[in-house]
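Owing to the predicted nature of the structure, the values given are computational and were not obtained by experimental measurement. Below, chain A is the first sequence line, B the second, and so on; all start at residue 1.
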Amino acid sequence: MKLRDDWDFRGLVHQTTDDAVLDRLSNGGVTAYIGFDPTAPSLHLGNLMQVCTLRRLQLAGNRPIALAGGGTGLVGDPSFKAVERPLLTVEKIEENLVGIREQLGRFLDFSPSAGSARALLLNNADWLTTVSLTDFLRDVGKHFTVNQMIAKDTVKSRLDRDDVGLSFTEFSYMLLQAYDFLRLHLDHDCTLQLGGSDQWGNITVGTELVRKATGHHADGVTTPLLLRADGQKFGKSESGNENVWLDASMTSPFALHQFLVNADDVAAPAMLRFFTFLDHETILELDEATRTVPQERRAQRAAANAIVTMVHGEAAALRAERAGEALFGESIADLDEATLLEVVADAPSSRVARSELEHGIDTAELVVRAELATSLGEARRFIEQGGVYVNNVRVDEGATLDVTALLHGRYMILRRGRRQLHLVVVA
RNA sequence: GGGUCAGUGCCCGAGUGGCCAAUGGGAUCUGGCUGUAAACCAGACGGCUUAGCCUACGGGGGUUCAAAUCCCUCCUGGCCCA
């Protein structure tokens with residue numbers, strides 16, 4: 001299977017500077033890069049597309065470069081952002097890179113045995129923080145006119161607004177990213193940059209710089225966005241809504257699995273294509289299943305299992321799936337101790353003293369202690385609205401919990417809403 | 001530096017001395033219906049020792065019985081001028 005055919009099938013290509021680049025990738029031997037923002041100590045679901053893209057490249061015999069934006073992160077990409085983002089400190093970025101580095105290793109082969117396709121992880125802080133201002137203005141800035149820069153869609157929207165402006169810092173961003181491409185081209189013979197469709201503007205500035213500065217041809221490819229049924233971006237946090245992380249301590253494997261299982265029918269086919277490495281036949285079968293028996297959510301389950309396996313390993317994926325089945329199927333109270341613990345293995349847990357429980361604890365208070373609510377008032381509200389369950393049974397208002405609620409003499413499973421779990425263990 | 005407009009809860013945005021924990025929309029959350037979906041419907045959405053109290057409308061100070069609303073000052077931002 002040629003990479004080109006696979007990518008066509010999956011719909012992975014949104015725009016290209018030159019269609020022939022897909023043939024070059026199919027033949028292998030190309031060095032290509034994608035940038036990642038080190039804004040958090042972990043990659044999130046929104047990064048998964050690009051991580052998978054790098055992996056696909058590598059599997060086809062190309063060398064993938066993951067470029068951490070340690071330098072650009074100091075500036076902040078304004079592309080399609082409504083307002084300027086807070087700048088990150090050097091220390092914070094360094095800290096974040098530690099986690100991201102580790103996560104990339106689960107998808108890409110960084111070992112020497114990969115030969116010419118060996119993946120690289122670079123940090124643009126290495127050159128962006130040391131290049132001199134005058135060199136930068138002479139070698140990079142002179143290739144671009146402000147006229148063309150302000151015509152970019154990525155900054156246009158900001159220039160058109162009359163309540164916020166665009167700082168020079170942000171405006172310069174595209175040149176920094178272009179400089180990255182030039183550096184990677186000169187130092188690593190990198191000839192292609194990929195990215196999400198929102199990166200098109202920045203990418204083309206890069207290919208242009210490479211051409212103007214070296215006379216060499218360079219390419220750009222963007223991938224489509226994964227959309228939900230309502231047309232919104234999927235799994236991406238523009239204003240702090242969905243934050244699904246690849247780090248198990250930030251988003252448990254169970255939560256990640258649940259998030260994916262819950263994807264709507266419109267997103268399911270795209271998830272299989274973008275985020276998994278399942279073969280075409282399997283994907284087509286799952287598409288068919290979504291059409292004929294959507295209620296079985298086969299595509300969602302398959303995607304969830306594949307993705308959680310890739311991110312957290314097979315055992316975690318299995319646990320997550322069984323936990324889901326137990327939670328939405330059988331009665332939790334009937335599970336034997338080992339199975340019960342298995343189900344809640346990934347859920348956060350807390351301890352409570354037996355003596356305290358013997359006196360009885362107000363449910364709302366326990367909900368707060370379990371961090372299923374941020375305040376007593378909120379906890380009471382959840383209970384009032386019927387959103388709190390103990391051992392899968394809805395709790396009444398004003399109820400007190402005591403030892404009779406314990407499973408196997410020492411466990412209590414608190415749940416808020418559909419799937420926020422918490423295990424209470426009696427110490 | 002000068003002029004001018006603006007800064008309200010997660011976001012947008014009403015409110016321009018008391019009836020304001022602050023209209024409305026979005027987001028989010030909970031419940032209902034369902035397929036652990038979408039759409040739709042209902043409710044919630046600062047905190048607390050919850051018929052009450054406390055904290056909040058950029059920061060600080062002031063006027064007043066009473067301020068998100070008036071005054072002073074500082075900070076931040078937009079636009080125009082230098």
Spacing of the [atom1] atoms in [M] and [N] (rounded, Å):
N	M	atom1	result
G1(B)	A14(B)	C1'	36 Å
G32(B)	G24(B)	P	26 Å
U23(B)	U50(B)	C1'	24 Å
C10(B)	G46(B)	C1'	12 Å
C65(B)	G17(B)	C1'	12 Å
U63(B)	C71(B)	C1'	7 Å
C48(B)	U55(B)	P	15 Å
G26(B)	A21(B)	P	25 Å

Tell me, please, which residues at least two apart from Thr17(A) pass side chain to side chain donor-acceptor pair (under 3.5 Å).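 Thr17(A) satisfies side chain to side chain donor-acceptor pair (under 3.5 Å) with Asp219(A) only.
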
Could you list the residues that satisfy side chain to side chain donor-acceptor pair (under 3.5 Å) with Asp402(A), not counting sequence neighbours? Thr404(A)

Residue met sooner reading RNA chain B from 5', once Pro294(A) and Gly387(A) are mapped to nucleotides: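 By nearest-heavy-atom nucleotide position, the 5'-most residue is Gly387(A).
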
Is the shortest distance from a Lys or Arg side-chain nitrogen in Asp6(A) or Arg10(A) to a carboxylate oxygen in the other one below 4.0 Å? yes

Less than 4.0 angstrom from a charged side-chain N to a carboxylate O is my criterion; do Glu384(A) and Arg394(A) meet it?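 Salt bridge absent between Glu384(A) and Arg394(A).
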
Check RNA chain B against residues 297-310 of chain A and give the residues with a non-hydrogen atom under 4.0 Å, in numerical order.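 Heavy-atom cutoff 4.0 Å gives Arg297(A), Gln300(A), Arg301(A).
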
Contacts table for residues 345-354 of chain A: side-chain donor-acceptor under 3.5 angstrom, sequence neighbours left out:
from, atom 1, to, atom 2, distance (Å)
Ser350(A), OG, His422(A), NE2, 2.7
Arg354(A), NH2, Gly409(A), O, 3.0

According to salt bridge (charged side-chain N to carboxylate O under 4.0 Å, His left out), who are the partners of Glu285(A), at least two apart in sequence or on a separate chain?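 Once residues adjacent in sequence are excluded, Glu285(A) has no partner under the salt bridge (charged side-chain N to carboxylate O under 4.0 Å, His left out) criterion.
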
Between [X] and [N], is there a contact of a side-chain N or O with OP1 or OP2 at under 4.0 Å?
X	N	value
Tyr389(A)	U30(B)	no
Asn262(A)	U36(B)	no
Arg418(A)	U34(B)	no

In chain order, what residues pass the ring-ring contact (aromatic ring centres under 6.0 Å, His included) check against Phe254(A), with sequence neighbours excluded? none

Measure the distance from [atom1] on [X] to [atom2] on [N] and round it to the nearest whole Å.
X	N	atom1	atom2	answer
Glu384(A)	U30(B)	CD	C1'	11 Å
Phe328(A)	A37(B)	CZ	P	8 Å
Gln420(A)	U36(B)	CD	P	19 Å
Arg416(A)	C29(B)	CZ	C1'	6 Å
Asp265(A)	G35(B)	CG	C1'	8 Å

What nucleic acid atoms does Glu296(A) come within less than 4.0 Å of, heavy atoms only: base, sugar-phosphate, or nothing? nothing

Counting primed atoms plus P, OP1 and OP2 as sugar-phosphate and everything else as base, spell out the protein contacts along nucleotides 42-52 of chain B at 4.0 Å heavy-atom distance: B, S or - for each nucleotide, 5' to 3'. -BSS-SSSB--

May I have all residue pairs that pass ring-ring contact (aromatic ring centres under 6.0 Å, His included) and include part of residues 367-392 of chain A, sequence neighbours excluded? none

Okay, side chain of Asp264(A), backbone of Ala267(A): is any donor-acceptor separation there less than 3.5 Å?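 Checked: pair present.
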
Check: Asp336(A)/Thr339(A) side-chain N/O donor and acceptor closer than 3.5 Å: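 Yes - a donor-acceptor pair under 3.5 Å links their side chains.
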
Quick one: stems involving RNA chain B, counted as three or more successive Watson-Crick or G-U pairs, both distances short of 3.5 Å.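 So far as stems of 3 or more pairs are concerned, RNA chain B shows B:1-7 with B:75-81, B:10-12 with B:24-26, B:28-32 with B:40-44, B:46-48 with B:52-54, B:58-62 with B:70-74.
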
Residues two or more places apart in sequence or in another chain: which of them pass side chain to side chain contact (heavy atoms under 4.5 Å, CB included) with [X]?
X	value
Gln148(A)	Phe144(A), Thr145(A), Glu208(A), Lys212(A)
Ser375(A)	Glu378(A)
Val393(A)	none

